[in-house]
Trainee: 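My questions all concern the structure below.
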Amino acid sequence: MKRFADEIRAAIAAATGIDAAAVRLEKPRDIAMGDFAFPCFVLAKELKQAPPAIAADLAGKLNEDFSNIQAVATGPYLNFKVEVAALSQAVVEGAIAGGNQYGQSDEGAGRRVVIDFSSPNIAKPMHVGHLRSTILGASLHRMHALLGYEPVGINHIGDWGSQFGKLVAAIARWGDTVDIDADPIPALLKLYVRFHDEAEGDPTLEEEARTAFRELESGVEGDVRETWRKITELSLAEFNKTYERLGVEFDLVRGEAWYEDKLTSTLDRIEASGVTEESDGATIVDLTSIRKKMAPCLLKKTDGTTLYATRDMAALFSRHDEFDFHRLLWVVGSDQNLHFEQLKGVLKRMELPWEPACEHVSFGMMRLPEGKLSTRAGKVVFLGDVLDRAVEEARRTIAEKNPDLANAELVAEQVGVGAIVFNDLKRERIKDVVFKWDEVLSFEGETGPYAQYTFARMQSILRKAKASGEEAATTGAAPDWSALEDARGVILCLGRYPDAIRTAAAEAEPSHLTQFILNLCRETNSWYANHRVLGEAPELTAARLALVEAASSVVRAGLTMLGVPAPQEM
RNA sequence: GCGCCCGUAGCUCAGCUGGAUAGAGCGCCUGCCUCCGGAGCAGGAGGUCACAGGUUCGAAUCCUGUCGGGCGCACCA
């Protein structure tokens with residue numbers, strides 16, 4: 001596919017004298033018009049000619065040199081159509097050969113991309129709001145790997161802060177009223193909520209919490225540190241169960257606590273660059289030179305202790321020093337837009353050249369129809385419950401539509417979890433989401449199960465072909481590539497997959513890929529509703545089988561990038 | 001109050017970074033299984049791209065303002 005585009009670009013460049021890399025080819029409005037379009041407006045000024053005249057002129061010139069591409073001028077546009085056999089064979093064979101690695105490239109060779117994602121807080125259950133960061137980050141990790149980058153996925157666990165003092169104090173008081181070992185997270189949450197309820201009427205509680213956190217901060221080994229460590233381990237074990245269901249892995253799990261002993265050197269580093277100043281007794285970095293009215297970055301409190309921003313600066317320097325990244329992606333919600341703008345602002349003021357490499361991959365907030373999520377107030381939907389209910393729904397659908405399915409339980413898990421993941425990666429990440437059960441549990445239309453179903457049906461055809469010995473290799477018939485004109489839409493779509501991956505990774509926007517998959521599924525479903533694959537003339541069946549193999553392979557490859565499983569049957 | 005983001009069909013969203021007649025899904029209406037899986041396919045109704053200006057050959061897309069919604073705004077994380 002790319003090679004045809006390159007040939008067209010080169011030809012236009014040669015005929016007009018403009019740079020081949022600057023020739024932007026578009027997708028024609030209607031597939032009947034062609035495979036690529038070149039709007040001639042851009043040349044009008046330079047050539048002092050009307051766009052339609054340029055198009056007509058160029059069409060004549062270019063057609064003299066093309067062998068299997070035809071250029072047609074339609075008004076101000078120059079449309080190109082590749083001869084069907086050449087196009088089909090190149091795209092279909094390329095897609096099949098690529099397999100799950102289709103679209104891979106070496107653009108990222110020798111370049112490291114650090115991706116900070118998921119980052120749950122210890123001792124609290126993961127809720128639907130944690131889903132977005134987790135699966136956005138995981139899919140960006142996979143896509144960058146495909147493009148040849150060396151991704152480093154980091155789970156920056158929230159395991160530090162005064163709330164752990166509260167938790168330790170609560171455990172000391174009421175630890176024996178709950179069974180922490182049996183089901184740790186709900187038990188810890190209960191204690192945490194109780195602390196807040198009772199602290200209002202009991203000031204000694206707050207004091208106990210402060211004392212506990214001071215001890216924790218001091219670094220001494222003792223009961224407090226022991227309790228904190230236990231909470232962390234139990235929580236991580238719980239999180240890992242969820243990560244496993246979602247197919248998410250990290251290269252490094254490193255909590256905020258890890259940066260505790262690097263705070264002084266971090267402050268020294270920033271102060272040494274001369275960008276800090278005193279303000280009301282606190283140490284800040286003024287950022288009004290970065291953007292008018294931007295709030296300053298607060299690095300040290302009046303009492304000399306550090307803050308969230310200080311810890312994140314420490315983490316940031318550590319990422320840079322340790323990984324020497326080409327790109328750093330913070331996959332964190334849009335409620336922290338200012339925070340990350342401030343971190344970047346500090347880097348800018350320090351005049352560090354790698355500042356532009358740091359990107360806040362911001363995403364919209366998850367809300368409930370009745371308002372903001374709040375774990376403490378009980379206004380929350382837990383992630384585990386969402387996955388469970390989706391799997392339950394999948395189980396029910398399977399029982400109804402395919403009761404004899406082998407591995408029904410495994411497939412139900414794949415379909416249910418896949419539906420949740422796909423749904424969340426469907427829209428542009430910046431958009432806020434209102435959580436609605438009937439929406440996430442829907443398996444029809446633009447959903448994960450729709451894509452999985454498309455894949456399963458194509459696999460079914462391939463299985464039948466194998467069983468009846470009609471596979472191309474078995475019969476020895478050479479595919480008649482010229483017979484795939486009626487599948488041009490599918491083929492063009494397949495050819496655009498590498499671009500979809502590249503764009504999705506470059507913009508840190510997996511929804512581009514999700515939308516691509518939906519498009520491809522629509523095209524293929526529409527095509528094979530009207531065309532038979534098996535039982536046609538051998539050359540025709542061979543070509544259509546190859547197409548089905550390519551299409552199913554690309555659907556699977558795309559779903560794999562998103563972290564959505566593709567079962568053979570469902 | 002100030003800052004950042006969002007506003008496209010009844011609802012949920014695409015729209016290739018300024019190009020041709022603005023597209024899907026859900027819901028509603030109508031067709032399609034003696035034929036490779038109906039979690040599907042085909043068709044219909046449904047639009048002042050929030051509103052008003054501007055930029056230019058051309059604007060849903062860029063700029064300004066207004067309205068509506070979300071988030072944030074120093075010693076929490």
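These values consider heavy atoms only, across backbone and side chains, with no hydrogens, waters or symmetry-generated copies. Chain letters run A, B, ... following the sequence lines, proteins first and then strands; every chain starts at 1.
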Trainee: Does the distance from a Lys or Arg side-chain N to an Asp or Glu carboxylate O, for A:Arg496 and A:Glu523, drop under 4.0 Å?
Mentor: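 Salt bridge between A:Arg496 and A:Glu523, a charged N being under 4.0 Å from a carboxylate O: no.
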Trainee: OP1 or OP2 of B:rG25 versus the side-chain N and O atoms of A:Arg522: is any pair under 4.0 Å?
Mentor: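 No, no such contact exists.
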Trainee: Is any side-chain nitrogen or oxygen of A:Lys27 closer than 4.0 Å to OP1 or OP2 of B:rC16?
Mentor: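 Negative; the distance criterion is not met.
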Trainee: Classify the glycosidic conformation of B:rC26 as syn or anti, calling it syn when the angle lies within 90° of 0.
Mentor: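 In terms of base orientation relative to the sugar, B:rC26 is anti.
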Trainee: May I have the distance from A:Glu507 (atom CD) to B:rU17 (atom C1'), rounded to whole angstrom?
Mentor: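 About 8 Å, once rounded to whole Å.
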Trainee: Check the phosphate of B:rG1 against A:Lys293, side-chain N and O only, distance under 4.0 Å to OP1 or OP2. Yes or no?
Mentor: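 Answer is no, no contact under 4.0 Å.
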Trainee: Output the rounded distance in Å from CZ (A:Arg532) to P (B:rC33).
Mentor: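 Going from A:Arg532 (CZ) to B:rC33 (P), I get 15 Å.
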Trainee: What does B:rC16 pair with, Watson-Crick or G-U, if both distances are under 3.5 Å?
Mentor: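 B:rC16 is unpaired by these criteria.
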Trainee: Give me the distance, rounded to whole Å, that separates B:rG15 from B:rU8 when you measure between the P atoms they each carry.
Mentor: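 After rounding to an integer number of Å, I get 14 Å for this pair.
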Trainee: What's the CD-P distance between A:Glu428 and B:rU17, to the nearest Å?
Mentor: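 My rounded result for the distance is 14 Å.
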Trainee: Identify which nucleotide among B:rG37, B:rC71, B:rG40 has an atom closest to any side-chain atom of A:Ser460, counting heavy atoms from C-beta outward.
Mentor: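 The answer is B:rG37.
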Trainee: Does a side-chain N or O from A:Tyr308 land closer than 4.0 Å to OP1 or OP2 of B:rA77, or not?
Mentor: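 Indeed not, no polar side-chain atom of A:Tyr308 lies that close.
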Trainee: Side chain of A:Arg544, backbone of A:Arg532: donor and acceptor closer than 3.5 Å?
Mentor: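 Present.
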Trainee: Side chain of A:Lys464 only, please: which of B:rG37, B:rG3, B:rC57 is the nearest?
Mentor: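 Selected nucleotide: B:rG37.
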Trainee: Quick one: label A:Pro28 by what it contacts on the DNA or RNA (base, sugar-phosphate, nothing), any heavy atom closer than 4.0 Å.
Mentor: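 Answer is base: heavy atoms of A:Pro28 come under 4.0 Å of a base.
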Trainee: Check whether any side-chain nitrogen or oxygen of A:Ser526 sits under 4.0 Å from OP1 or OP2 of B:rA42, and answer yes or no.
Mentor: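 It does, given that an N or O in the side chain of A:Ser526 lies less than 4.0 Å from OP1 or OP2 of B:rA42.
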Trainee: Under a 3.5 Å threshold, yes or no: a donor from one side chain and an acceptor from the other, between A:Tyr453 and A:Glu444?
Mentor: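 There is no such pair between these side chains.
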Trainee: Can you see whether A:Arg254 engages A:His156 through a side-chain donor-acceptor pair at a distance of less than 3.5 angstrom?
Mentor: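 No donor-acceptor contact under 3.5 Å links the two side chains.
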Trainee: I'd like the C1' distance from B:rA20 over to B:rC16, given in whole Å.
Mentor: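 To the nearest whole Å, 14 Å.
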Trainee: Would you say the side-chain atoms of A:His130 pair up with the backbone N or O of A:His127, donor to acceptor, closer than 3.5 Å?
Mentor: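 Flag set: sc A:His130 to bb A:His127 pair under 3.5 Å.
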Trainee: Could you give the CD-to-C1' distance, from A:Glu446 to B:rC26, as a whole number of Å?
Mentor: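 Taking CD of A:Glu446 and C1' of B:rC26, I get 9 Å after rounding.
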Trainee: Given that A:Thr454 and A:Asp303 both sit by RNA chain B, which one's nearest nucleotide is further toward the 5' end?
Mentor: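 Taking each residue's closest nucleotide, the earlier one in sequence belongs to A:Thr454.
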Trainee: Nearest whole angstrom, please: distance from the P of B:rC35 to the CZ of A:Arg457.
Mentor: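 The answer, rounded to whole Å, is 14 Å.
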Trainee: In whole Å, measure the gap between the P atoms of B:rC13 and B:rU17 for me.
Mentor: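 Nearest-Å result for B:rC13 against B:rU17 at atom P: 23 Å.
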Trainee: Hey, is the main chain of A:Glu446 close enough, under 3.5 Å, to the side chain of A:Lys426 for a donor-acceptor pair?
Mentor: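 Checked: pair present.
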Trainee: Without decimals, in angstroms, what is the distance between A:Lys431 NZ and B:rC6 P?
Mentor: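 Spelled out: NZ on A:Lys431 to P on B:rC6 is 9 Å.
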Trainee: Just N and O in the side chain of A:Tyr528: are any of them under 4.0 Å from OP1 or OP2 of B:rC35?
Mentor: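 False: A:Tyr528 side-chain N/O out of range (4.0 Å or more) of B:rC35 OP1/OP2.
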Trainee: CE of A:Met366 versus C1' of B:rC71: gap in Å, rounded?
Mentor: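 About 16 Å, once rounded to whole Å.
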Trainee: Can you find a side chain N or O atom of A:Lys372 that sits less than 4.0 Å from OP1 or OP2 on B:rG72?
Mentor: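 For A:Lys372, the contact criterion (side-chain N or O under 4.0 Å from OP1 or OP2 of B:rG72) is met.
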Trainee: Scan every strand shown for a Watson-Crick or G-U wobble partner of B:rC4, both distances under 3.5 Å, and answer none if you come up empty.
Mentor: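 Answer to the pairing question: B:rG70, which forms a Watson-Crick or G-U pair with B:rC4.
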Trainee: Of all the choices, B:rG72, B:rU12, B:rC41, which nucleotide is nearest to the side chain of A:Glu439 once you look at every atom?
Mentor: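 Given the options B:rG72, B:rU12, B:rC41, the side chain of A:Glu439 is closest to B:rU12.
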Trainee: Under 3.5 Å, is there an N or O donor on one side and an acceptor on the other linking the side chain of A:Asn79 and the base of B:rA20?
Mentor: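 Present.
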Trainee: Check whether any side-chain nitrogen or oxygen of A:Arg29 sits under 4.0 Å from OP1 or OP2 of B:rG23, and answer yes or no.
Mentor: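 It does, given that an N or O in the side chain of A:Arg29 lies less than 4.0 Å from OP1 or OP2 of B:rG23.
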Trainee: I'd like to check A:Leu136 versus A:Phe117 (side-chain heavy atoms, cut-off strictly below 4.5 Å). Are they in contact?
Mentor: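 Side chain of A:Leu136 against side chain of A:Phe117, heavy atoms only: no contact under 4.5 Å found.
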Trainee: Verify the contact: side-chain N or O of A:Asn525 to OP1 or OP2 of B:rC41, cut-off strictly under 4.0 Å; return yes or no.
Mentor: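 For B:rC41, OP1 or OP2 has a side-chain N or O of A:Asn525 closer than 4.0 Å.
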Trainee: Rounded off to whole Å, could you give me the CG-to-P distance for the A:Leu343 and B:rC73 pair?
Mentor: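 Going from A:Leu343 (CG) to B:rC73 (P), I get 14 Å.
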Trainee: Who is the Watson-Crick or G-U wobble partner of B:rC62, with both distances under 3.5 Å?
Mentor: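 The base-pairing partner of B:rC62, which may sit in any strand shown, is B:rG54.
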Trainee: Would you classify B:rU17 as syn or anti? Syn applies when the glycosidic angle is within 90° of 0.
Mentor: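 Base orientation: syn.
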Trainee: Do A:Asp312 and A:Tyr259 pair up side chain to side chain, a donor and an acceptor below 3.5 Å, judged on atom types alone?
Mentor: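 Their side chains do not contain a donor-acceptor pair, so the 3.5 Å distance test is not met.
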Trainee: Counting only side-chain nitrogens and oxygens, does A:His512 get under 4.0 Å of the OP1 or OP2 atom of B:rG15?
Mentor: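 Yes, because at least one side-chain N or O of A:His512 sits under 4.0 Å from OP1 or OP2 of B:rG15.
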Trainee: If each of A:Phe36 and A:Gln515 is mapped to the nucleotide of RNA chain B with the nearest heavy atom, which maps nearer the 5' terminus, i.e. the 5' end?
Mentor: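 Its nearest nucleotide lies further toward 5', so the answer is A:Gln515.
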Trainee: OP1, OP2 of B:rC16 versus side-chain N and O of A:Arg496: anything below 4.0 Å?
Mentor: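 Result: no.
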Trainee: Could you let me know what B:rG47 is paired to, Watson-Crick or G-U wobble, both distances under 3.5 Å, or none if it's on its own?
Mentor: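 Partner of B:rG47: none.
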Trainee: B:rU66 and B:rG46: how far apart are their P atoms, nearest whole angstrom?
Mentor: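 My reading of the P atoms in B:rU66 and B:rG46 gives 36 Å.
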Trainee: Which nucleotide in the list B:rA77, B:rG72, B:rC13 gets nearest to the side chain of A:Arg311?
Mentor: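 Of all the options, the side chain of A:Arg311 is nearest to B:rA77.
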